[in-house]
Amino acid sequence: MDKGKVLLSVTGFNPRRWHELLSSGREVVLEPERPADPSITYAVVWKQPANLLAGLPRLKAIFSIGAGVDHILADRSVPDVPIVRVVAENLARHMTEYVVWRVLDHHRFGPLYQAQQKRKIWREPPQRTASDIAVGVMGLGNLGQAAARALLSLGFRVNGWSRSERSVDGVTTFAGDAGLRPFLNATDILVVLLPLTAATAGIVNYGLLKELRRRNALGGAVLINAGRGRLQKDDDILRALEDGTLKEASLDVFEVEPLPKTSPLWSHPKVFVTPHSAATSDPDHLVAPMLAQMDAHDRGEPLRDLVDKRAGY
Ligand SMILES: NC(=O)c1ccc[n+]([C@@H]2O[C@H](COP(=O)([O-])OP(=O)(O)OC[C@H]3O[C@@H](n4cnc5c(N)ncnc54)[C@H](OP(=O)(O)O)[C@@H]3O)[C@@H](O)[C@H]2O)c1
């Protein structure tokens with residue numbers, strides 16, 4: 001059977017390993033080479049150029065190499081074929097490591113000790129107990145649930161917020177618009193793991209941060225965003241840090257990426273910056289299941305991990 005070709009377009013990633021691994025199963029067309037090849041049946045993409053996917057008469061599905069698909073849906077010319085996103089244990093493990101690392105750093109006085117070390121100060125603050133701190137995970141999907149479980153195992157109290165009602169053992173869950181304020185009011189450390197959609201863009205703003213619990217064992221509220229940069233308002237975060245609404249923040253994502261050199265977030269003493277690297281898609285873990293899905297779909301089996309285009313994630 002003619003398997004059809006795979007179009008590969010991964011802006012910002014080195015395509016070499018993706019190309020090599022995909023080529024073990026299918027003939028690969030690497031953008032910008034022959035993009036309108038009519039024998040292309042699947043596309044594997046990250047931030048594809050506008051119009052790249054239009055005019056491919058045999059295209060059956062688009063595979064995002066990341067968990068988020070805002071980069072695909074932002075292009076109005078994308079044809080109406082199913083979109084498959086990444087749901088992978090490896091990605092969830094990496095995100096869980098990032099979340100646990102950042103929560104523990106805020107919990108265990110990381111910024112204070114760094115400042116003390118610079119000045120050679122030997123001083124121990126009173127020890128905190130994890131069970132006195134409530135971490136609120138915004139977005140209880142594949143990544144949010146994995147992070148929530150790890151935090152529970154460390155003894156933190158964990159709240160979760162999602163669009164629909166979710167039940168996760170040990171997690172106090174909240175849902176929808178009505179659940180947002182109670183969720184925030186019960187949260188000391190906010191971990192944002194939402195997708196970027198029309199409903200979530202700009203949600204992490206000053207008004208939302210004001211709802212977090214500030215009189216707590218940490219001595220203030222903490223924000224950790226590893227979802228998407230445009231979920232947040234960078235200026236609102238700075239304002240919240242300046243007036244004490246927020247005590248500290250760990251940010252992996254920003255409204256504009258790379259974060260402009262002029263951004264005050266770079267040198268802010270209460271902000272920990274990473275370059276959108278919380279959980280990077282690894283072709284060695286992701287390509288084999290993608291090829292298996294393409295083969296299964298060609299045999300008539302349904303695709304898994306499909307995006308709900310109306311919901312935008
Ligand atoms: N920084 C990085 O390196 C990195 C790496 C990978 C992914 N990410 C980001 O992480 C995001 C989450 O990934 P995932 O695999 O966990 O996604 P997912 O499984 O689709 O989960 C998304 C969660 O967000 C909730 N949600 C969506 N819209 C909402 C709304 N309007 N109100 C309340 N809750 C809403 C969903 O609610 P329901 O449960 O009701 O559907 C779900 O719980 C991705 O979209 C991506 O942007 C970042």
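None of these values were measured; they are calculated from a predicted model. Both counts, for ligands and for their atoms, begin at 1 and track the order of listing. For the single chain, residues carry numbers from 1 onward in sequence order.
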Going by an N to O cut-off under 4.0 Å, is there a salt bridge joining Arg230 and Glu255?
no
Give me the residue, atom name and distance of the protein heavy atom closest to atom 43 (O) of ligand 1.
Leu140 N, 2.9 Å
Any donor-acceptor N/O pair, Lys309 side chain to Val81 backbone, under 3.5 Å
yes
Does Arg214 use its side chain to pair, donor to acceptor, with the backbone of Gly219 at less than 3.5 Å?
no
Lys47/Asp75 ion pair, N-O < 4.0 Å:
no
Roughly how far, to the nearest 0.5 Å, is the CZ atom of Phe156 from the CG atom of Asp188?
10.5 Å
Just by modelled atom types, is the Gly176 backbone N or O under 3.5 Å from a matching donor or acceptor in the Trp161 side chain?
yes
Would Leu196 count as a polar contact of ligand 1, with the cut-off being nitrogen or oxygen pairs under 3.5 Å?
no
Can you tell me which residue and heavy atom of the protein come closest to atom 12 (C) of ligand 1, and the distance to 0.1 Å?
Leu193 O, 3.4 Å
Pairs of nitrogen or oxygen atoms closer than 3.5 Å, one from Trp161 and one from ligand 1: do any exist?
no
Is a salt bridge present between Arg102 and Asp252, judged by a nitrogen-to-oxygen distance below 4.0 Å?
no
Distance under 4.0 Å to a non-hydrogen atom of Thr200: what atoms of ligand 1 satisfy this?
28 (N), 29 (C), 30 (C), 31 (N)
May I ask whether Asp252 has any heavy atom positioned less than 4.0 angstrom from an atom of ligand 1?
yes
Going by the atom numbers of ligand 1, which of them fall below 4.0 Å from some non-hydrogen atom of Met95?
1 (N), 2 (C), 4 (C), 5 (C), 48 (C)
N or O contact, Ala67 vs ligand 1, cut-off under 3.5 Å:
no
Residue, atom and distance of the protein heavy atom nearest atom 48 (C) of ligand 1 read Ala226 O, 3.0 Å
Heavy-atom distance to atom 19 (O) of ligand 1: which of His94, Arg228, His71, Arg85 wins?
Arg85
Among all protein heavy atoms, pick the one closest to atom 39 (O) of ligand 1 and tell me residue, atom and distance.
Arg166 NE, 2.6 Å
Between the main-chain N or O of Pro195 and the side-chain N or O of Thr200, is there a donor-acceptor pair closer than 3.5 Å?
yes
For ligand 1, note which part of Ser162 has a heavy atom under 4.0 Å away: side chain, backbone, both or neither.
both
Looking only at protein heavy atoms, which one is nearest to atom 3 (O) of ligand 1, and what is the separation?
Ala279 N, 3.0 Å
Nearest-0.5 Å distance that lies between atom CG in Leu238 and atom NE2 in His268
6.0 Å
Nearest heavy atom to atom 23 (C) of ligand 1, choosing from Gly68, Ala198, Gly141, Gly176, belongs to Gly141
State whether the side chain of Thr197 and the backbone N or O of Ala199 hold a donor-acceptor pair below 3.5 Å, judged by distance alone.
yes
Given Leu208, which partner from the list Arg181, Lys233, Met138 fulfils the side chain to side chain contact (heavy atoms under 4.5 Å, CB included) test?
Met138
Tell me: protein heavy atom nearest atom 22 (C) of ligand 1, and distance?
Pro195 CD, 3.7 Å
Note the single closest protein heavy atom to atom 28 (N) of ligand 1, along with its residue, its atom name and the distance in Å.
Tyr313 CE2, 3.7 Å
Between Glu165, Arg163, His276, which one has a non-hydrogen atom sitting closest to atom 37 (O) of ligand 1?
Arg163
Protein contact to atom 13 (O) of ligand 1 [nearest heavy atom, distance to 0.1 Å]
Leu143 CD1, 3.4 Å
First locate atom CD1 of Ile40, then atom CG of Leu59, and finally report the distance between them rounded to the nearest 0.5 Å.
8.0 Å
In ligand 1, which numbered atoms sit nearer than 4.0 Å to a non-hydrogen atom of Ala199?
31 (N)
Which atoms of ligand 1 are found less than 4.0 Å from any heavy atom of Leu194?
11 (C), 24 (O), 25 (C), 26 (N), 34 (N), 35 (C), 47 (O)
Lys5 with Asp37: basic N within carboxylate O range, under 4.0 Å
yes
Mark the output for Gly227 as yes if a heavy-atom distance to ligand 1 is under 4.0 Å, and as no if none is.
yes
